[in-house]
K.L.:
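Before I ask anything, let me first share the structure, which is written out below as structure tokens.
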Amino acid sequence: FFLSLGPLDQQSRLHPSSVSSFVTMLAGLFGSGLLALAVLAGSAQAAAAPSCADGLKSCPNILYFVSDDMRSDWGAYGLDAAITPNLDKLAKTSLLFEHTYCQISVCAPSRMSFMTSRRPDTFQVWNFIDTVPTNTSSTPGYFKNHGYLTLGLGKTFHQDSGAWNADQYWSTDKLPYYPYGVGKCPHGGQGGGHCVQKDEQIYDYHLRNKTMEYLQVAIDNRKETGQPFYVQAGFRKPHAPWQAPQRMYDLYDQSKIAIAKHKVLPKNAPLISWSNQLSVRLENGTSFPYSPTSPVPDWVMQDQRHAYYASISYVDEHVGYILDVLEKGGMTDNTIIIFHADHGYHLGEHGEWEKKSNFDLVVRVPMLIKVPWKVSKSGGKKTAALTELVDVFPTLASLAGLPAPPGVDGTDVGHLLDNPSGDALKASFHQYPACKTPDFNHTRQACNQSPKQTFDYMGYSMRTKEWRYTAWYPWNKTTLKAEWDADYAPELYGHTGDDSTSMDSFENENVVAANPTVAKNLHAQLLAFFQKH
């Protein structure tokens with residue numbers, strides 16, 4: 001008599017209670033010999049799903065990538081734009097999130113938000129000046145406090161070249177935090193421009209090599225001591241200036257690069273929704289002005305996209321090199337991998353360039369999460385559930401088997417790795433301030449270096465599956481809150497059928513006047529949320 005159990009691989013785990021019942025049945029039927037075999041099979045199953053619930057040495061590792069200013073122009077997202085073979089390969093074993101949103105669409109406050117899972121309003125962090133209190137829990141700090149080796153490199157936080165609060169959050173006694181650098185082109189800087197440069201001239205190349213080095217140290221330490229690791233690398237690209245080696249530019253035929261279909265401010269949108277941020281310039285330094293009603297020439301748009309996509313492809317190459325270290329180190333099967341950006345980006349859509357906005361393309365970010373023992377359920381799949389970057393911290397803690405972190409604003413959405421078709425949030429929330437803006441009928445200026453007591457307006461925005469609703473309110477410079485009883489400028493954009501495969505099909509007309517009931521209901525939800533937070 002033979003009993004076939006079938007393959008008990010890491011992707012077809014039995015629930016522990018089911019394993020226990022099954023083993024008991026086998027013991028009664030076949031005695032201690034087969035019982036031992038069944039126990040070994042059950043042990044193999046348990047080993048395939050590392051969890052901190054079983055002790056520190058059973059914890060999974062975390063490899064965490066963050067990219068700066070990257071939008072989801074990848075093949076994995078169904079877009080024929082940036083060439084990203086390594087990210088597309090990773091997506092085949094990861095869950096791809098179609099609708100993940102940042103909480104404020106500019107570098108410093110967004111990173112303060114998602115690294116600590118606190119919304120901008122929680123500690124009033126809306127600019128580059130303010131930070132959360134240094135005793136605030138963070139993702140790396142939480143894993144460090146639970147026994148992990150935490151190694152940080154590049155642009156994780158914005159402040160202090162990424163090394164903000166480093167001794168509290170990172171294992172600096174093992175290896176120092178590796179700070180990020182600022183890119184430069186002969187005719188461009190962080191405000192815009194691009195150039196072809198050699199690897200050695202570009203910060204991310206050095207970050208790649210240093211991350212490979214740090215990751216190898218973490219792998220060796222895990223093998224020697226059993227200590228799990230949390231390694232996080234923050235790429236500077238594709239933040240301007242767009243630097244990349246010639247081989248990255250050569251991946252593209254600039255004449256065939258698609259451009260934005262809607263190149264001006266959305267119809268009926270208030271001017272306060274629009275902001276001139278990026279300096280659009282060629283490699284030789286020639287600049288091109290633009291406005292809400294006057295876009296740059298089409299060929300200039302192709303030039304800019306060519307450089308931006310080349311910069312994304314360069315990040316993709318780095319990811320491939322780093323993942324090779326993980327694989328060669330034998331850590332692929334017990335390491336959670338996550339990749340996301342700090343916010344999205346405009347490349348001429350709505351007449352805008354860069355970030356610092358409430359439009360969906362700027363708020364939405366690409367995100368992948370790979371959990372090796374859940375690949376059979378989520379690998380190569382997409383989830384349309386609404387999620388936020390503040391969810392990353394509690395979700396990673398949950399996936400690792402750690403206790404839920406207290407005091408965070410995000411939600412654990414780890415269940416989506418078991419059921420990608422499930423739901424998460426009913427709405428996602430975002431905000432962005434306006435400075436040097438006299439009224440709703442003027443375009444905005446950035447508030448990066450403006451004290452919060454000098455803001456003029458705050459734009460509050462929410463995204464449901466069908467709509468994005470935004471309301472711009474006057475700012476009380478004393479209470480540091482919106483003047484909730486004052487007049488406001490509303491925006492409403494339909495998103496029915498938006499599966500994140502188009503950068504051009506949505507938010508091209510403010511339809512608030514045509515949908516008063518929808519606007520009223522969403523406005524009530526927006527007020528209820530932001531007045532509470």
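Just so it is clear, the values below take in all heavy atoms, side chains as well, and ignore hydrogens, waters and symmetry mates. Quick caveat: nothing in here was measured; it's all calculated off a predicted structure.
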K.L.:
Tell me if a side-chain donor or acceptor on T139 pairs with a main-chain N or O of M115 at a distance below 3.5 Å.
P.N.:
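Confirmed, T139 side chain pairs with M115 backbone.
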K.L.:
For A482, which residues count as a side chain to side chain contact (heavy atoms under 4.5 Å, CB included) partner, sequence neighbours excluded?
P.N.:
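Y460, Y473, W484.
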K.L.:
Once you measure the plane-to-plane angle for F429 and F529, does it fall in the parallel (<30°), tilted (30-60°) or perpendicular (>60°) bin?
P.N.:
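Ring orientation, 0 to 90° scale: parallel.
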K.L.:
Is there a side-chain contact between S72 and M503 in this structure, where contact means two heavy atoms from C-beta onward sitting under 4.5 Å apart?
P.N.:
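Yes. Closest side-chain heavy atoms under 4.5 Å.
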K.L.:
Give a yes or no on whether the backbone of G410 and the side-chain of S117 come within a donor-acceptor separation of less than 3.5 Å.
P.N.:
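Yes: the side chain of S117 pairs with the backbone of G410.
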K.L.:
Between the side chain of N510 and the main-chain N/O of L492, is any donor-acceptor distance below 3.5 Å?
P.N.:
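At least one qualifying donor-acceptor pair exists.
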K.L.:
Quick check: does any side chain N or O of Y178 sit under 3.5 Å from a backbone N or O of A233, one acting as donor and the other as acceptor?
P.N.:
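Pair absent, no side-chain N/O of Y178 close to backbone of A233.
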K.L.:
Are the side chain of T211 and the backbone N or O of L207 linked by a donor-acceptor pair below 3.5 Å?
P.N.:
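Such a contact is found between T211 side chain and L207 backbone.
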K.L.:
Looking at S275, is its backbone amide N or carbonyl O close enough to the side chain of E352 to form a donor-acceptor pair, meaning the two atoms are under 3.5 Å apart?
P.N.:
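Yes, the answer is positive, given that a donor and an acceptor are paired below the 3.5 Å cut-off.
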K.L.:
Can you list everything that forms a ring pair (Phe, Tyr, Trp, His ring centres under 6.0 Å) with Y345? Sequence neighbours excluded, please.
P.N.:
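With neighbours one apart ignored, the set is Y308.
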K.L.:
For T464, enumerate each residue passing the side chain to side chain contact (heavy atoms under 4.5 Å, CB included) test, keeping only those at least two apart in sequence or located in another chain.
P.N.:
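Partners of T464 under the side chain to side chain contact (heavy atoms under 4.5 Å, CB included) test: A427, M462, E466, W467, L522.
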K.L.:
Is there a donor-acceptor pair closer than 3.5 Å between any side-chain N or O of S67 and the backbone N or O of M70?
P.N.:
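Looks like no, no N/O pair under 3.5 Å.
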K.L.:
For D69, is there an ion pair with K155 - N to carboxylate O distance below 4.0 angstrom?
P.N.:
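Salt bridge absent between K155 and D69.
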K.L.:
For F143, give me all partners under ring pair (Phe, Tyr, Trp, His ring centres under 6.0 Å), at least two apart in sequence or on another chain.
P.N.:
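Partners of F143 by the ring pair (Phe, Tyr, Trp, His ring centres under 6.0 Å) criterion, ordered by chain and then number, come out as Y148, Y230.
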K.L.:
How about I369 and L399: do any of their side-chain heavy atoms sit closer than 4.5 Å?
P.N.:
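Yes. Closest side-chain heavy atoms under 4.5 Å.
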K.L.:
Measure the acute angle between the ring planes of F339 and W74, then classify it against the limits of 30° and 60° as parallel, tilted or perpendicular.
P.N.:
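Because their plane-to-plane angle is over 60°, the rings of F339 and W74 count as perpendicular.
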K.L.:
Could you give all pairs that pass the salt bridge (charged side-chain N to carboxylate O under 4.0 Å, His left out) test and reach residues 502-520, with sequence neighbours left out?
P.N.:
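Pairs touching residues 502-520 that pass the test: R468-E507.
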K.L.:
Under the disulfide (SG to SG under 2.5 Å) rule, collect the residues that match up with C107, sequence neighbours excluded.
P.N.:
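Per chain and number, C107 pairs via disulfide (SG to SG under 2.5 Å) with no residue.
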K.L.:
Do T470 and S273 have side chains that approach each other closer than 4.5 Å (heavy atoms only, starting at C-beta)?
P.N.:
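No; the side chains remain at least 4.5 Å from each other.
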K.L.:
Would you say that K355 contacts Q277 through its side chain, given a criterion of any heavy-atom pair below 4.5 Å between the two side chains?
P.N.:
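SC-SC contact between K355 and Q277 ruled out.
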K.L.:
With T122, which residues qualify under side chain to side chain contact (heavy atoms under 4.5 Å, CB included), at least two apart?
P.N.:
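For T122, the residues satisfying side chain to side chain contact (heavy atoms under 4.5 Å, CB included) (neighbours in sequence not counted) are R118, R119, D409.
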K.L.:
Under 4.0 Å between a Lys/Arg side-chain N and an Asp/Glu carboxylate O for E349 and R305?
P.N.:
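Salt bridge present between E349 and R305.
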K.L.:
Just wondering, do H350 and D360 contact through their side chains at under 4.5 Å, heavy atoms?
P.N.:
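Counting from C-beta outward, D360 and H350 never come under 4.5 Å.
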K.L.:
Identify, with sequence neighbours excluded, every residue that meets ring pair (Phe, Tyr, Trp, His ring centres under 6.0 Å) alongside W126.
P.N.:
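Ring pair (Phe, Tyr, Trp, His ring centres under 6.0 Å) check on W126 returns W475.
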K.L.:
Measuring centre to centre across the rings, with the benzene-like ring taken for any Trp, is Y314 within less than 6.0 Å of F235?
P.N.:
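Here the rings of F235 and Y314 have centres that are no less than 6.0 Å from each other.
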K.L.:
With sequence neighbours left out, which residue pairs that include part of residues 78-119 fulfil the ring-ring contact (aromatic ring centres under 6.0 Å, His included) condition?
P.N.:
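The answer is F114-H340.
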K.L.:
Taking disulfide (SG to SG under 2.5 Å) as the test, write out the residues that go with C102, two or more places apart.
P.N.:
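Not a single residue meets the disulfide (SG to SG under 2.5 Å) criterion with C102.
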K.L.:
Do the side chains of D68 and R236 get close enough for a salt bridge, i.e. N-O under 4.0 angstrom?
P.N.:
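A salt bridge links D68 with R236.
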K.L.:
With sequence neighbours excluded, what pairs up with P405 under the side chain to side chain contact (heavy atoms under 4.5 Å, CB included) test?
P.N.:
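Expected list: Y142, F393, P394, A397, V408.
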K.L.:
Could you measure the distance from the OG1 atom of T501 to the NZ atom of K382? Nearest 0.5 Å is fine.
P.N.:
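One finds 7.0 Å between OG1 of T501 and NZ of K382.
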K.L.:
If you compare all heavy atoms of D88 against all heavy atoms of A76, which two are closest, and at what distance to 0.1 Å?
P.N.:
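Result for this residue pair: OD1-N, 3.0 Å.
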K.L.:
Please identify which of these residues, V132, D130, I104, meets the side-chain contact (heavy atoms from CB on, under 4.5 Å) condition with M112.
P.N.:
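Of all the options given, the one that passes is V132.
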K.L.:
Quick one: are W373 and I336 in side-chain contact, heavy atoms under 4.5 Å?
P.N.:
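SC-SC contact between W373 and I336 confirmed.
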K.L.:
Report yes or no: do E491 and W472 form a side-chain donor-acceptor pair below 3.5 Å?
P.N.:
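Their side chains do contain a donor-acceptor pair, which is all the 3.5 Å distance test asks for.
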K.L.:
List the residues meeting ring pair (Phe, Tyr, Trp, His ring centres under 6.0 Å) with H194, not counting sequence neighbours, and say none if there are none.
P.N.:
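Result, ring pair (Phe, Tyr, Trp, His ring centres under 6.0 Å) vs H194: none returned.
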K.L.:
Could you check W353 against V296 for side chain to side chain contact (heavy atoms under 4.5 Å, CB included), going step by step and ending with a plain yes or no?
P.N.:
CA-CA 10 Å; W353 292 85; V296 301; 3.8 Å; yes
K.L.:
Taking atom CG of D80 as the centre, report whether more than 12 heavy atoms of other residues, nucleotides or ligands fall under 6.0 Å from it.
P.N.:
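Counting neighbours around CG of D80, 12 or fewer heavy atoms of other residues, nucleotides or ligands fall under 6.0 Å, so no.
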